[in-house]
Asker: 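Got a structure for you, questions after.
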Number of protein chains: 2
Amino acid sequence: MSGPTIYDVATAAQVATSTVSRAFSQPGRVSADTRERILAVAAELGYRPNPHARALLSGKHHTVAMVVSDITNPHYFDLIRGAELRARVSEYTLLLVNAEESPRVEWEQIQRLSPAVDGFVLAASRLPDENLQQVAAQRPVVLMSRELPGLASVVLDHVEGCRQIVAHLASLGHRDVLYLSGPRNSWMAATRWAALRAAAEQVGISARRLGPFTPKVSQGGAAADGAVNAGATAVVAHNDLLAIGVMQRLAQRGLRVPEDVSVVGFDDIFAADVCSPGLTTLGGAHVDVGRAAVELLLTAGVRAPDDQPRVLLPTELVLRASTGPCR
Amino acid sequence: MSGPTIYDVATAAQVATSTVSRAFSQPGRVSADTRERILAVAAELGYRPNPHARALLSGKHHTVAMVVSDITNPHYFDLIRGAELRARVSEYTLLLVNAEESPRVEWEQIQRLSPAVDGFVLAASRLPDENLQQVAAQRPVVLMSRELPGLASVVLDHVEGCRQIVAHLASLGHRDVLYLSGPRNSWMAATRWAALRAAAEQVGISARRLGPFTPKVSQGGAAADGAVNAGATAVVAHNDLLAIGVMQRLAQRGLRVPEDVSVVGFDDIFAADVCSPGLTTLGGAHVDVGRAAVELLLTAGVRAPDDQPRVLLPTELVLRASTGPCR
DNA sequence: CTGAAAGCGCTAACAA
DNA sequence: TTGTTAGCGCTTTCAG
């Protein structure tokens, strides 16, 4: 059932359990040959250290929990991949949990896992600020795609990215952009809208907003109809999924992209490259976001609460066929 | 640091630690009012049971590890989602690990995690049969997208699916199908080839094979060139990613899909629906595969080794524009 | 450099 | 129904 323990190894190797323990955790503090003998015996017996027992005493679990606000969204998979990658490098285990877009579920999961992990990386957390602060008081936390003063975070530079989007659209002659907004409690949605609006003002064009929409393909229909009704010449959808849904509905209604309406998305998911027309979208190294978040968590050591790093990764406006000159 | 323990709760509630323990794990075996008092005190103190301590003694970890052969492949996302979903229902934690297409990494990860989880679900495992048997000897295991006598498994019915593909192609007048094969150590690749071949024979057309190819978009170029060189009129790619890569290369070379070559994929990933032409592909409820695998694992209880369930889920041939009459 | 012994937080007999 | 008492497998003082 549950394999050999250090006792078995100690007996077989004729040493004390503590020596076996040291042979594994502090190789320096055991003489070379005893250690060798122990390792040999351990290997022969098929001994595996029990992570639970280890964690119980040491308080180190070698585990980080990643909470994703909606595991359904393909965009998050790059974050997950990056996080998994970085965790593995340090021989940490990545625990994946889905919050199902529900702050309550997110909170419960975090509370449940809290005593068993070294820290949390939260992807696009939907928790209110106060709750985030509470979590941070218990365990190291790194936010992804969200910022909060006092907490470490990794985000793509959407302010700059939105500026690029608006500049691109303006250069094509558009005098107005319509933002199809994401979920109400999404920090990202608020950030993008603010950035879009500011950028628009700066170049002297108007910015409007519609929504919120659940950022899925299926919601694209409603969003598209709203956009048409608003007489938009250029729409910026909260993410690529929504953008693709918008394009599908537009095509269905006989409107051409980009001749009648230009469409821009966010995330640069794989589908944005293969759909037609190809979707102009704000991409970035999402894998690096995941990677950096775990990196920050693992090195969280001794940073003061008022000295939490905010990592800003560059975005990249990927131009494809969905944007064109204003009609 | 590490919150209150049952001792703190016991003291505060004026009961023994065992009573506190019972109040949480066997609510029935404690009088209603003492339990209520305990829970109240626990809540007030912010007590959270420590999963490690619990696991150490009980041997139940409430955790299942999911090992994915290549987390890069979007197809697995559905499996992951399904697994996460089912795990959550039973308040199990899903531990996600990536094997990076390497049997060695896969083996090491499994060994490392083995003492800390209740079982494994292995997605498209690349391990040789013997290793799988060894793993199964230590812990309950459920295979996804792979079968092995003596082990529980959940797979889509590719035999039937391949028959549908071949029938579809034959009905369009194709007299030959070319399978662009997946990785050499992929059970799926072998299964698909065997099924395709058998189905082709049955309807009296020829089947050929090229590869193996790493099933990524980037490999589609080589696969496409090989297919053209072989004079194929219909190709069946190991997955949608490869199929999309093939279509891109074909377009680049001025060949039309489906007029010159029909293309079929596997998995029905999101991109298959939005690429152009839309990709005909063998889909299925992948989320259910993930769900069923975890389900099987959690109910693994007392099944004999020779009585391991093999769940076969239906496939569905999704017809899109990439297949057409033979030229 | 190595051994003895005391727990980490919790559960599971066994009593009461 | 509740309390007492051993541990689960490991790390970590503290001696030797």
Side-chain angles (χ1 to χ4, degrees), chain A residues 1-39 41-42 45-63 111-118 138-139, chain B residues 1-39 41-42 45-63 111-118 138-139:
Chain A
M1 185 69 179
S2 46
T5 73
I6 41 170
Y7 286 94
D8 304 314
V9 177
T11 306
Q14 315 252 50
V15 292
T17 60
S18 48
T19 308
V20 177
S21 173
R22 279 188 282 256
F24 280 92
S25 34
Q26 298 138 3
R29 300 180 49 173
V30 176
S31 80
D33 51 339
T34 37
R35 193 191 54 205
E36 212 163 302
R37 192 171 75 245
I38 291 172
L39 293 183
V41 170
L45 263 50
Y47 165 75
R48 302 267 151 202
N50 181 322
H52 289 306
R54 190 174 278 198
L56 187 53
L57 190 52
S58 67
K60 305 280 333 153
H61 314 87
H62 269 247
T63 299
Q111 291 310 312
R112 188 172 69 87
L113 260 19
S114 182
V117 302
D118 296 313
Q138 307 172 17
R139 291 276 167 200
Chain B
M1 186 69 181
S2 46
T5 73
I6 40 171
Y7 287 95
D8 304 314
V9 178
T11 306
Q14 314 253 48
V15 293
T17 60
S18 50
T19 309
V20 177
S21 172
R22 278 187 284 256
F24 282 92
S25 33
Q26 298 139 4
R29 300 180 48 174
V30 175
S31 79
D33 50 340
T34 37
R35 192 190 56 203
E36 213 163 301
R37 193 172 74 247
I38 291 173
L39 293 183
V41 170
L45 264 49
Y47 165 75
R48 303 266 151 201
N50 182 322
H52 289 306
R54 190 176 279 200
L56 188 54
L57 189 52
S58 68
K60 304 281 331 152
H61 312 88
H62 269 247
T63 299
Q111 291 309 312
R112 187 173 70 87
L113 260 21
S114 182
V117 303
D118 295 313
Q138 307 172 17
R139 292 275 166 200

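Letters go in sequence order (proteins before strands), and every chain restarts at 1.
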Asker: If each of B/Pro51 and A/Arg35 is mapped to the nucleotide of DNA chain C with the nearest heavy atom, which maps nearer the 5' terminus, i.e. the 5' end?
Answerer: A/Arg35
Asker: Nearest whole angstrom, please: distance from the C1' of C/dA12 to the CG of B/Leu57.
Answerer: 7 Å
Asker: Quick one: does A/Leu39's side chain get under 4.5 Å of A/Glu36's, heavy atoms only?
Answerer: no
Asker: A/Arg29 side chain to A/Arg22 main-chain N or O, any donor-acceptor pair under 3.5 Å?
Answerer: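 No: the side chain of A/Arg29 does not pair with the backbone of A/Arg22.
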Asker: Taking 4.0 Å as the cut-off, does a side-chain nitrogen or oxygen of B/Ser31 come that near to OP1 or OP2 on D/dT2?
Answerer: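 Answer yes for this pair, as a side-chain N or O of B/Ser31 is under 4.0 Å from OP1 or OP2.
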Asker: Under the 3.5 angstrom rule, does the side chain of A/Ser21 hit a backbone N or O of A/Thr17 as a donor-acceptor pair?
Answerer: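 No: the side chain of A/Ser21 does not pair with the backbone of A/Thr17.
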Asker: A/Arg35 side chain to A/Pro27 main-chain N or O, any donor-acceptor pair under 3.5 Å?
Answerer: yes
Asker: By nearest atom, which of the nucleotides D/dT2, C/dA4, D/dT11 is closest to the A/Ala16 side chain?
Answerer: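 Per side-chain heavy atoms of A/Ala16, the pick is C/dA4.
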Asker: Out of C/dG9, D/dC10, D/dT2, which has the shortest distance to the side chain of A/Thr5?
Answerer: D/dC10
Asker: Is there any protein nitrogen or oxygen under 3.5 Å from a nitrogen or oxygen in nucleotides 13-16 of chain D, and what are the pairs?
Answerer:
none

Asker: B/Leu56 CG to D/dA6 P: how many Å, rounded?
Answerer: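 Rounding to the nearest Å, CG of B/Leu56 and P of D/dA6 are 19 Å apart.
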Asker: A/Val15 has a side chain; which of D/dC10, C/dG3, C/dG9 sits nearest to it?
Answerer: C/dG3
Asker: Rounded to 10°, tell me the angle between the two end axes of the helix from C/dC1-D/dG16 to C/dA16-D/dT1, each built from five pairs.
Answerer: 30°
Asker: Using whole Å, what does the distance between atom P of nucleotide C/dT11 and atom CD1 of B/Ile38 come to?
Answerer: 12 Å
Asker: Give me each pair satisfying side-chain hydrogen bond (donor to acceptor under 3.5 Å, both in side chains) with a member in residues 52-61 of chain A, each pair once, sequence neighbours excluded.
Answerer: A/His52-B/His52, A/His61-A/Asp118
Asker: Find the distance A/His62:NE2 to D/dT11:C1' and express it as a whole number of Å.
Answerer: 13 Å
Asker: Categorize B/Arg48 for me: base, sugar-phosphate, or nothing, with a 4.0 angstrom heavy-atom threshold over every strand shown.
Answerer: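 Sugar-phosphate only.
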Asker: Under 3.5 Å, is there a donor-acceptor pair between the side chain of A/Arg139 and the main chain of A/Ser114?
Answerer: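 Checking the backbone N and O of A/Ser114 against the side chain of A/Arg139, a donor-acceptor pair under 3.5 Å is found.
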Asker: For the side chain of B/Asn50, counting heavy atoms from C-beta on, which of C/dC10, C/dC8, C/dC1 is nearest?
Answerer: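 Nearest nucleotide to the side chain: C/dC10.
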Asker: Should B/Arg54 be listed as having a side-chain N or O under 4.0 Å from OP1 or OP2 of C/dT11?
Answerer: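 Yes, B/Arg54 has a side-chain N/O under 4.0 Å of OP1/OP2 on C/dT11.
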Asker: With side chains defined as the heavy atoms from C-beta onward, is the minimum distance between B/Thr5 and B/Asp8 less than 4.5 Å?
Answerer: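 Side chain of B/Thr5 against side chain of B/Asp8, heavy atoms only: contact under 4.5 Å found.
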Asker: Once you apply a heavy-atom cut-off of 4.0 Å, does B/Pro115 come out as touching a base, just sugar-phosphate, or nothing?
Answerer: nothing
Asker: Side chain of A/Ala53: nearest nucleotide among D/dG9, C/dT11, C/dT2?
Answerer: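 When the side chain of A/Ala53 is considered, D/dG9 is the closest of D/dG9, C/dT11, C/dT2.
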Asker: Between P on C/dC1 and CD on A/Gln14, what's the gap in Å once rounded to a whole number?
Answerer: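 It works out to 21 Å between those atoms.
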Asker: Under 4.0 Å from OP1 or OP2 of D/dT12: is there any side-chain N or O of A/Gln26 that close?
Answerer: yes
Asker: What is the distance from NZ of B/Lys60 to P of C/dC10, rounded to the nearest Å?
Answerer: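 In whole Å, C/dC10 P and B/Lys60 NZ are 19 Å from each other.
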Asker: Among C/dT11, D/dT2, C/dG9, which nucleotide has an atom closest to any side-chain atom of B/Thr19?
Answerer: D/dT2
Asker: Report the distance from atom NE2 of B/His52 to atom C1' of D/dG7, rounded to the nearest whole Å.
Answerer: 19 Å
Asker: What distance do A/Gln14 atom CD and A/Arg37 atom CZ have between them, rounded to the nearest 0.5 Å?
Answerer: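 Nearest 0.5 Å value for the CD-CZ distance: 7.0 Å.
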Asker: Could you tell me whether the phosphate oxygens of D/dT11, OP1 or OP2, come under 4.0 Å of any side-chain nitrogen or oxygen in A/Ser21?
Answerer: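 Yes, A/Ser21 has a side-chain N/O under 4.0 Å of OP1/OP2 on D/dT11.
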Asker: What's B/Phe24 touching, base or sugar-phosphate or nothing? Going by heavy atoms closer than 4.0 Å.
Answerer: nothing
Asker: For C/dC10, does the base pair up with any side-chain atom of B/Tyr7 as donor and acceptor (N or O, under 3.5 Å, distance only)?
Answerer: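 Counting by modelled atom types and ignoring angles, a donor-acceptor contact under 3.5 Å is found here.
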Asker: Are B/Pro51 and A/Pro115 side-chain neighbours, meaning at least one heavy-atom pair lies under 4.5 Å?
Answerer: yes
Asker: Starting at CD1 of A/Ile6 and ending at P of D/dC8, how long is that distance when rounded to a whole Å?
Answerer: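 Rounded to whole Å, this separation is 11 Å.
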